[in-house]
Amino acid sequence: QVQLVESGGALVQPGGSLRLSCAASGFTSDDYTIGWFHQAPGKEREGVACISNTDGRIEYADSVKGRFTISRDKNTVYLQMNNLKPEDTGRYYCALGGYPTITHLAEYDYWGSGTQVTVSS
């Protein structure tokens with residue numbers, strides 16, 4: 001079955017950097033999109049970035065443009081997070097779907113269990 005495993009979360013100071021990894025396995029289609037999502041404490045889960053294997057489409061939330069970069073190497077998707085801010089604190093999930101955008105969370109069929117990022121001095 002499809003499995004998504006996130007890693008790379010940590011405690012980091014404001015202005016610091018982290019690279020999250022999402023290792024995906026168990027699927028055979030070449031047409032898929034993997035997204036990264038952020039859930040801050042007490043808030044709803046929101047899309048951060050996604051990358052489509054179908055056509056290379058990349059999308060970012062406005063709040064992370066210029067700071068975060070999504071990339072892919074075979075079946076692992078990375079989220080490079082630079083200039084981290086306290087509001088970036090929360091759990092980060094990756095998810096796999098057909099061709100959804102980062103705002104259509106319900107169209108992602110498979111989810112990992114997340115990795116915790118804490119930005120604090």
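Excluded from the calculations below are hydrogen atoms, water molecules and symmetry mates; all remaining heavy atoms, backbone and side chain alike, are included.
Residues Ile51 and Tyr99 do not share a hydrophobic cluster, clusters being chains of Ile/Leu/Val/Met/Phe/Trp/Tyr side chains in contact below 4.5 Å. Following chains of ILVMFWY side-chain contacts shorter than 4.5 Å, one can reach Ile34 starting from Val64, so the two form part of one hydrophobic cluster. Hydrophobic clustering places Val48 together with Leu18 (ILVMFWY residues linked when any side-chain heavy atoms are closer than 4.5 Å, directly or through intermediates). Using a 4.5 Å cut-off between side-chain heavy atoms of Ile, Leu, Val, Met, Phe, Trp and Tyr, with links allowed through other members, Tyr32 and Val2 fall into the same hydrophobic cluster. One hydrophobic cluster holds both Leu79 and Ile58 under the rule that ILVMFWY side chains link at heavy-atom gaps under 4.5 Å.
Within the model, atoms CD of Glu44 and CD of Gln39 stand 8.5 Å from one another, a figure rounded to the nearest 0.5 Å. With rounding to the nearest 0.5 angstrom, the CD atom of Glu46 is 7.0 Å from the OG atom of Ser63.
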### Task
Let me see the working for Thr101 and Thr103 under side chain to side chain donor-acceptor pair (under 3.5 Å), right down to the final yes or no.
CA-CA 5 Å; Thr101 68; Thr103 58; 3.0 Å; yes
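Residue Cys50 comes nearest to Thr33 through the heavy atom pair CB-CG2, 3.9 Å, listed as atom of the first residue, atom of the second, then distance. Contact detail for Pro14 and Ser121: the closest heavy-atom pair is CD-N, 3.7 Å. Residues Lys65 and Tyr60 share a closest heavy-atom pair of CE-O, 3.5 Å.
Applying the salt bridge (Lys or Arg N to Asp or Glu O under 4.0 Å) rule to Arg57 yields the partners Glu59; only residues at least two apart in sequence or on another chain are considered. Shown here are the side-chain hydrogen bond (donor to acceptor under 3.5 Å, both in side chains) partners of Asp73, two or more places apart in sequence or in another chain: there are none. The ring-ring contact (aromatic ring centres under 6.0 Å, His included) test applied to Tyr93 returns no partner, not counting sequence neighbours.
Side-chain contact between Asn53 and Arg72: present, with at least one pair of heavy atoms (C-beta onward) separated by less than 4.5 Å. Between Leu105 and Trp111, the closest side-chain pair of non-hydrogen atoms falls below 4.5 Å.
Residues Trp36 and Phe68 keep their aromatic ring centres 6.0 Å or farther apart.
Ring pair Phe37/Tyr108 is perpendicular by interplanar angle, where above 60° counts as perpendicular and below 30° as parallel.
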Identify every side-chain donor-acceptor pair in residues 20-29 under 3.5 Å, counting partners at least two apart or on other chains, and give the distances.
| residue | atom | partner | partner atom | Å |
| --- | --- | --- | --- | --- |
| Ser29 | OG | Asp31 | N | 3.0 |
| Ser29 | OG | Asp31 | O | 3.4 |

Which donor-acceptor pairs under 3.5 Å do side chains of residues 3-10 form with protein atoms, sequence neighbours excluded?
| residue | atom | partner | partner atom | Å |
| --- | --- | --- | --- | --- |
| Glu6 | OE1 | Ser113 | N | 3.2 |
| Glu6 | OE1 | Gly114 | N | 2.9 |
| Glu6 | OE2 | Cys94 | N | 2.9 |
| Glu6 | OE2 | Gly114 | N | 3.2 |

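Residue pairs that meet the side chain to side chain donor-acceptor pair (under 3.5 Å) test with at least one member in residues 77-90, sequence neighbours left out, are Ser17-Asn82, Arg67-Asp88, Gln80-Asn82.
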